[in-house]
Amino acid sequence: MKYVIGLDLGTTSISTVAIEQSGKTLAAVNHAHEAAIKSEDDRVAVQSTDLMLQVSQKLIREIVQFVDCSPSAIGLTGQMHGFVCCDASGFAISDFITWQDKRVLASTDIEDETWLSALQKRLPENLQSRLGCQIRPGYALATLDMLNRSGQLQEKLHHISDITDWIGSQLTSTPARIDPTFAASWGVYNLQQKSIDQDVIRAAGLKPKWFPLLESNWKIRGTTTTQIAREWNLAEGVPVLTGIGDHSAAARATIENPENDLLMNVGTGGQIAWCTKDIQPTDEIEVRPFSENLLLNVGAGSTGGEAWFWFAESVQQWFQEMGVELSYTEVLERLNRLSQVPADINNIEPVYWEPFFQGTRNETSRRASISNIGRHNFNLSEMARGLLCGIVDSLYRVYKNSKNPLTDLKRLIVSGNYFEHHEWLAQYLAKRYRIDVVTPDFKEQSAVGAAMLAGREVFKNEDLWKHFPISYRTLAKSSHH
Ligand SMILES: Nc1ncnc2c1ncn2[C@@H]1O[C@H](COP(=O)(O)OP(=O)(O)O)[C@@H](O)[C@H]1O
Ligand SMILES: O=C(CO)[C@@H](O)[C@H](O)COP(=O)(O)O
């Protein structure tokens with residue numbers, strides 16, 4: 001049997017999918033990796049590269065054992081913006097510094113200056129139009145600059161790698177690579193010239209040699225080594241592709257009609273995205289590379305599924321303060337059930353949340369607010385429901401407020417594990433925004449996107465892999481028809 005694997009190194013979990021040459025999904029597995037390393041400094045967000053590697057190995061071993069033969073290729077995807085510092089042999093000399101790291105917002109020795117504001121002053125004025133985005137907290141360019149200027153980089157730093165590149169280099173023992181989607185998320189990809197923007201890197205005061213070679217078209221970056229083959233239950237010489245950013249992978253796997261499809265993806269983070277031909281970034285919307293002819297407009301960095309976990313943790317703490325010990329899982333599952341009670345069942349007014357409790361990328365000091373509290377809706381089910389709706393509302397609002405919405409919007413595609421756990425939100429979205437809501441008929445959309453790239457490369461002669469068919473499940477119909 002011939003099949004490909006997609007491996008997704010997410011912020012919370014790692015997923016793998018196995019797709020047969022015929023297009024059939026053989027398996028899809030998702031595991032929390034628990035790689036986050038606790039720090040006293042709230043701004044630090046780092047993960048253990050060892051744990052990422054171990055959980056990936058475990059999942060791949062499991063999937064290969066399940067299918068009972070080695071795959072024809074492995075495609076990689078994962079969380080964007082972050083990086084690992086590596087020495088010349090590709091060995092990790094730092095933890096994986098993630099997109100959620102906010103150390104660049106700390107003050108320098110100069111009054112009213114943060115590492116980020118100092119960097120922003122040094123960068124070219126037309127930055128947003130050349131990169132499609134501004135440099136935000138968590139973007140590699142900013143974090144690396146902060147580490148450099150605060151003397152935290154090691155002498156032996158040779159290059160930085162995104163998380164898929166680091167895993168890819170471990171599997172194949174090959175030099176570092178980066179694709180356009182990761183390079184864009186680092187804040188170093190020039191959209192107009194389709195190349196790494198060396199001027200931006202120099203203006204920041206960083207060394208261009210620290211950045212990997214750009215691989216524009218997700219080719220095979222190397223093949224599995226003898227040692228990896230033995231340890232990971234793989235054959236020797238399995239092709240491994242250059243990685244693609246998780247949001248871009250999900251978009252490639254789920255957008256079928258670029259003129260009609262609006263995509264809302266919610267995992268740890270959340271994004272609203274649609275295709276466009278022109279580069280018109282705003283403070284709320286980034287323009288990211290997508291395909292040969294199209295770009296992706298993306299509203300990201302305001303809120304996401306993480307807010308739900310935060311709420312469950314808070315509720316658990318309230319009970320603790322009242323002397324009641326409940327496990328986190330118990331609280332989470334209870335809240336999941338409570339939130340599903342329809343808001344209008346007793347004509348109860350909804351609670352409105354603006355779930356920006358951690359600030360947004362754009363407005364880092366913004367905070368959350370809850371409004372419309374009356375006598376009858378100040379209870380946990382309405383709070384929970386209001387938060388879940390608030391997360392999707394704030395993403396949809398970015399689209400609604402954009403200057404270049406789709407002229408022929410036909411449906412909203414929802415994807416990501418958030419919707420797996422709160423499928424009723426589709427009814428809410430359909431009613432509120434008068435739009436049909438569909439979801440792809442497969443789980444782990446980012447991993448599938450990576451597997452599609454792998455299949456395209458190794459099953460070259462098969463039409464199926466040139467235009468991988470996407471099937472959808474209708475979750476809710478607009479009442480507008
Ligand atoms: N047991 C659960 N109950 C409710 N929501 C969950 C549960 N597990 C995951 N989620 C939702 O899914 C999100 C994580 O999605 P996932 O796709 O795994 O993220 P990532 O790709 O960033 O690792 C969480 O932030 C949460 O909103
Ligand atoms: O959103 C997630 C995971 O859910 C991250 O892994 C993303 O990679 C962060 O990127 P954007 O929110 O900027 O798309």
Side-chain angles (χ1 to χ4, degrees), residues 7-15 28-36 45 47 52 55 77-83 96 98-101 132-140 162-164 181-182 184-187 243-251 263-273 284-288 296-313 327-340 355 360-362 384 387-388 391-392 395 398 414-425 443-450:
L7 175 71
D8 173 16
L9 302 134
T11 312
T12 318
S13 57
I14 297 187
S15 321
V29 197
N30 176 293
H31 250 285
H33 51 60
E34 288 171 9
Q47 297 184 342
M52 286 294 221
V55 178
T77 182
Q79 48 180 310
M80 304 173 358
H81 309 294
F83 64 96
F96 171 52
T98 81
W99 60 286
Q100 295 182 308
D101 198 285
C133 65
Q134 294 286 6
I135 303 299
R136 304 291 188 199
Y139 290 26
D162 68 71
I163 190 64
T164 64
T181 68
F182 273 112
S185 77
W186 279 5
I244 177 169
D246 58 359
H247 178 247
S248 320
L263 172 65
M264 187 185 287
N265 178 68
V266 186
T268 306
Q271 304 92 0
I272 186 97
E284 276 198 313
I285 296 161
E286 292 192 357
V287 182
R288 297 181 178 174
L296 200 61
N297 269 8
V298 187
S302 60
T303 181
E306 183 196 29
W308 182 242
F309 282 170
W310 163 84
F311 182 62
E313 266 166 40
S327 77
Y328 173 69
T329 319
E330 217 177 327
V331 175
L332 183 68
E333 291 310 323
R334 187 65 182 229
L335 289 174
N336 283 342
R337 283 200 301 276
L338 279 178
S339 62
Q340 289 180 30
T360 67
R361 252 176 226 165
N362 197 8
L387 173 58
L388 288 165
I391 293 169
V392 292
L395 290 171
V398 174
V414 296
S415 71
N417 281 332
Y418 183 75
F419 293 105
E420 292 288 324
H421 291 274
H422 313 289
E423 207 176 285
W424 61 268
L425 278 166
K443 289 181 193 245
E444 309 305 345
Q445 293 86 8
S446 297
V448 169

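Below, all heavy atoms of this structure are taken into account, side chains as well, without hydrogens, waters or symmetry copies. Residues: numbered from 1 along the sequence shown. Both counts, for ligands and for their atoms, begin at 1 and track the order of listing. None of these values were measured; they are calculated from a predicted model.
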Q: Below 4.0 angstrom from a heavy atom of T11, which ligand 2 atoms are there? Numbered from 1 as shown, please.
A: 3 (C), 5 (C), 6 (O)
Q: Using a strict cut-off of 4.0 Å, indicate which atoms of ligand 2 neighbour a heavy atom of Q79.
A: 6 (O), 8 (O)
**Q.** Distance-only side-chain donor-acceptor flag, E444 / N30, under 3.5 Å
**A.** yes
Q. So, Q100 versus E306: side-chain donor-acceptor pair below 3.5 Å or not?
A. yes
Q) Any N or O of V298 that comes nearer than 3.5 Å to an N or O of ligand 2? A) no
**Q.** Close N or O approach (M80, ligand 2; < 3.5 Å)
**A.** yes
(Q) Give me the residue, atom name and distance of the protein heavy atom closest to atom 12 (O) of ligand 2. (A) Q271 NE2, 3.1 Å
Q | Shortest protein heavy-atom distance from atom 6 (O) of ligand 2, along with the residue and atom involved | A | D246 OD2, 2.7 Å
Ligand 2 versus [X], non-hydrogen atoms closer than 4.0 Å: side chain, backbone, both, neither?
X    : answer
T268 : both
H81  : side chain
R288 : side chain

Q) Below 4.0 Å from any atom of ligand 2, is there a heavy atom belonging to R361? A) yes
**Q.** Geometric class of the F309/Y328 ring pair [parallel <30°, tilted 30-60°, perpendicular >60°]
**A.** perpendicular
Q: Please confirm whether W308 and H422 have ring centers closer than 6.0 angstrom.
A: yes
Q) Does some side-chain heavy atom of S302 sit less than 4.5 Å from a side-chain heavy atom of L395? A) yes
Q: Quick one: closest heavy-atom pair of S446 and T77, and the distance?
A: O-CG2, 3.4 Å
Q. Who are the salt bridge (charged side-chain N to carboxylate O under 4.0 Å, His left out) partners of R361, not counting sequence neighbours?
A. none
Q. Who's touching ligand 1 if we go heavy atoms under 4.0 Å?
A. G10, T11, T12, S13, G267, T268, G305, E306, W308, F309, L332, E333, N336, N417, Y418, H421, H422
